[in-house]
Structures are given as structure tokens and as C-alpha cells.
Amino acid sequence: MAAVPTIGVLALQGDVREHRRALESCGAATESVRRPEELEHVDAIVIPGGESTTMWRLARTFELLEPLRKRIEQGMPAYGSCAGMIMLADRIADGAEGQETIGGIDMLVRRNAFGRQVDSFEEDIHVTGLDTPYHAVFIRAPWVESVGGDAEVLGRAEAGDAAGRIVAVRQGHLLATSFHPELTGDARIHRLFLDMVKGTQ
């Protein structure tokens, strides 16, 4: 791996430019990834928000699902936000019929758990590894129903009916959040991921 890691952003849908901008502000090089040959040239991958069933079908269409699984199994760091969290989950609650994930994190994720688009909200979240609370943006967000023994809970919702629900998880070289850090202007989550990537060098 080069001294400056190249982070791919899965560019099937979602906030690709915003993730690339945040990663570049932390000193990383970035590439958009749509095809298997592009995946071969990156050191890590970010899976952005979007619609998880659409993302799964597009990943199948672009023949990316199996290459992503293989790279992650081999230790490639990955970070998923919102729908990306669902894609990194080993198990989904309320998934579409036949819906598949990339997997890798021992967790059960519930799609759209926080409600519809009109139920989007913002909240300060305490995240392990950050000195001060993170102002998180939730848009049709999932939450984590449960985690297995190898997955570490990094953050939980702290207000309202969803208080206590898991919204940030790490397992080894994999990181996932229910919220969208690329929309906040606060690059600390991306920096945390970049530190994880550098730690695998």
C-alpha cells in the first residue's frame, strides 16, 4: 500500500462526491469504483448511502458483489454509511425478497428502522474514538438490532423513542454508521476510517 492510501467509493448510487471530498480533506487519494477492475486499484472502499436493494441489484449487474466480498474477506478495509451499513451486515431484518449483502460485520440490521424520508433527523451522538459528540444526520436510516461477539458498538442514538439503538459499529477492518457523515462538514468519521486503513499497512 502506498504512503497515501487510495480509497475507493462505490459509485453505483448515493453521495459519492461528498464522500470523496471528505476523504480528500483528510489527505487520502480517492477513486470512484463501478467495475471489478477499478476495485483492484484501491486500498479500501467506502459504501455510501442510497437504497440498499437497488445497490445490491446494481452490484450484481456490474459484477461487483463477489469481488467486494472476496476483497473484504482478504482484509480490505471498508466503511459503510446508511445503506452501506446494510451492505456490510451479515444479516438483515425486513430485507426485500432474496436481498443479499456483502457482509463482514456480525450484526443484524433493520432497514429504514428510523422511519421514512419525512422522519429524517439530526442528533449529537457520542462515538468511541472521538473527543466530542458527533452531529449525525439520519435519512431513512437503519439501526443495528444486535451484534455478535466480534463486533464493537461505537455509538448509540441518545434521544427520543430510538434512544439506545446502535448506530455505529466496528469489526476489525470494517466500520459502519447509520448516519451520513459526508453531509456534515465534519470529517472525523472519515479520518477515523483513514486511520484504520493506515493501520492495515
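All figures in this text were calculated on a predicted structure; none of them were measured in a lab.
Taking hydrophobic clusters as Ile, Leu, Val, Met, Phe, Trp and Tyr residues chained together by side-chain heavy-atom distances below 4.5 Å, W143 does not share a cluster with L108.
Between M85 and V109 the shortest heavy-atom distance is CG-CG2, 4.1 Å. P181 and S81 get closest at one heavy-atom pair: CD-CB, 4.1 Å. Minimum interatomic distance between I7 and A28 (heavy atoms only, all atoms of both residues): CG1-CB, 3.8 Å. Of all the heavy atoms in V16 and A11, the pair that sits closest is CG2-CA, 3.6 Å. Here the shortest heavy-atom pairing between G149 and D106 reads N-OD2, 3.9 Å. For the residue pair F179 and V167, the shortest heavy atom distance occurs at CE2-O, 3.8 Å.
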Legend entry - side-chain contact (heavy atoms from CB on, under 4.5 Å) between E100 and R60, intermediate numbers included: CA-CA 10 Å; E100 298 177 83; R60 272 269 176 240; 2.9 Å; yes
Legend entry - S25/H190 under side-chain hydrogen bond (donor to acceptor under 3.5 Å, both in side chains): CA gap, chis, key distance, verdict: CA-CA 9 Å; S25 77; H190 291 88; over 6 Å; no
Inset, instruction - Show the numbers, then the answer: is there a side-chain contact (heavy atoms from CB on, under 4.5 Å) between M76 and L39? - result: CA-CA 11 Å; M76 178 181 70; L39 182 63; 4.1 Å; yes
Inset, instruction - I would like to know whether T6 and E31 meet side-chain hydrogen bond (donor to acceptor under 3.5 Å, both in side chains); could you show each step before the answer? - result: CA-CA 7 Å; T6 299; E31 296 286 346; 6.0 Å; no
Inset, instruction - With side-chain contact (heavy atoms from CB on, under 4.5 Å) as the test, would you mind laying out the steps for V169 and L88 before giving the verdict? - result: CA-CA 10 Å; V169 175; L88 289 177; over 6 Å; no
Inset, instruction - Could you walk me through whether T30 and V46 pass side-chain contact (heavy atoms from CB on, under 4.5 Å), step by step? - result: CA-CA 10 Å; T30 67; V46 169; over 6 Å; no
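Panel note: side chain R170, backbone T128; no donor-acceptor pair is recorded below 3.5 Å. A donor-acceptor distance shorter than 3.5 angstrom exists from the side chain of D90 to the backbone of G104, with no hydrogens or angles considered. The backbone N or O of G8 lies less than 3.5 Å from no partner atom in the side chain of H41, so there is not a single donor-acceptor pair. In this structure a side-chain-to-backbone donor-acceptor pair under 3.5 Å is present from R69 to T101. In terms of modelled atom types and a separation under 3.5 Å, the side chain of E123 and the main chain of E158 share a donor-acceptor contact. One N or O on the side chain of Y134 and one on the backbone of D186 form a donor-acceptor pair closer than 3.5 Å. Looking only at distances, no side-chain donor or acceptor of S52 sits under 3.5 Å from a matching main-chain atom of A83.
Counting heavy atoms from C-beta outward, L12 and T61 have side chains that stay 4.5 Å or more apart. Using a 4.5 Å cut-off on side-chain heavy atoms (C-beta onward), L130 and I189 make contact. Side-chain contact check for M55 versus I86: every heavy-atom pair is 4.5 Å or farther apart. Using a 4.5 Å heavy-atom threshold, the side chains of P133 and H126 count as touching. Counting heavy atoms from C-beta on, the side chains of I72 and H173 come closer than 4.5 Å. At least one side-chain heavy atom of C82 sits under 4.5 Å from a side-chain heavy atom of P142. Looking at heavy atoms from C-beta onward, M196 lies out of side-chain contact with P77 at the 4.5 angstrom threshold.
Annotation for Q74: atom CD counts as buried by contact number, over 12 foreign heavy atoms lying within 6.0 Å. With a 6.0 Å radius and a threshold of 12 heavy atoms from other residues, nucleotides or ligands, R17 has its CZ atom at or below the threshold. Remark: R34 CZ is loosely packed, at most 12 non-hydrogen atoms of other residues, nucleotides or ligands lying under 6.0 Å away.
The OG1 atom of T177 lies 8.0 Å from the CZ atom of F138; values are rounded to the nearest 0.5 Å. I139 CD1 to F121 CZ: the interatomic distance, rounded to the nearest 0.5 Å, is 10.5 Å. Note that the CE atom of M107 and the CD1 atom of I92 stand 10.0 Å from one another [nearest 0.5 Å]. Atoms CG and CG, on L10 and L58 in that order, are 9.0 Å from each other to the nearest 0.5 Å. Distance check, rounded to the nearest 0.5 Å: CD1 of I45 to CZ of F193 gives 8.5 Å. Taken from CD in Q99 to CG in D94, the straight-line distance is 10.5 Å, to the nearest 0.5 Å.
Residues R188 and T132 bring a donor and an acceptor atom of their side chains to less than 3.5 Å of each other.
Salt bridge absent: E73 and K70 never bring a charged side-chain N and a carboxylate O closer than 4.0 Å. With respect to the salt-bridge test (charged N to carboxylate O, under 4.0 angstrom), the residues E51 and R57 do not qualify.
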